[in-house]
Amino acid sequence: MNLLWQAVHVGIAVLGVAYLAFPARVHAFGFEFLRRSSPDGSEESVAPVWLYRGIGALLVFIGVTGLV
């Protein structure tokens, strides 16, 4: 069972690294409610990218602390 939990925490950490490394791709693939449709469509918001980076940092933190 301990090996299973370690594998889960490694998976969480890898997912967090993916969120940190590729936030724009995650945003394009991710949750619809986090995407904003702008009325003119000309300007892109960087807020979701930083939100995904924050989620990624949190997931890496959870993964690493679970392995320690």
Side-chain angles (χ1 to χ4, degrees):
M1 189 65 165
N2 193 17
L3 184 62
L4 177 65
W5 280 113
Q6 287 178 346
V8 167
H9 286 287
V10 166
I12 289 172
V14 168
L15 183 63
V17 169
Y19 270 63
L20 285 172
F22 309 110
R25 286 189 192 171
V26 172
H27 175 63
F29 181 74
F31 299 111
E32 186 67 34
F33 70 90
L34 291 176
R35 293 187 204 131
R36 277 192 237 176
S37 60
S38 65
D40 58 4
S42 63
E43 64 182 60
E44 288 290 324
S45 175
V46 294
V49 173
W50 284 104
L51 177 67
Y52 281 115
R53 286 183 180 157
I55 291 170
L58 182 65
L59 288 173
V60 169
F61 177 76
I62 291 170
V64 169
T65 56
L67 290 174
V68 176

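We use all heavy atoms of the structure for the numbers below, so side chains are in, but hydrogens, waters and symmetry mates are not.
A continuous path of ILVMFWY side-chain contacts below 4.5 Å connects V64 to L20, so both sit in one hydrophobic cluster. V60 and L51 end up in different hydrophobic clusters when Ile, Leu, Val, Met, Phe, Trp and Tyr side chains are linked at under 4.5 Å. By the rule that hydrophobic residues join a cluster once side-chain heavy atoms approach within less than 4.5 Å of another member, I55 and I12 end up as members of one cluster. At a threshold of 4.5 Å between side-chain heavy atoms, the hydrophobic network of Ile, Leu, Val, Met, Phe, Trp and Tyr places V8 and V14 in two separate groups.
Here L59 contributes atom CG and Y52 contributes atom OH; the two are 12.0 Å apart, rounded to the nearest 0.5 Å. I62 CD1 to L67 CG: the interatomic distance, rounded to the nearest 0.5 Å, is 12.0 Å.
For the residue pair P23 and R53, the shortest heavy atom distance occurs at CG-NE, 3.4 Å.
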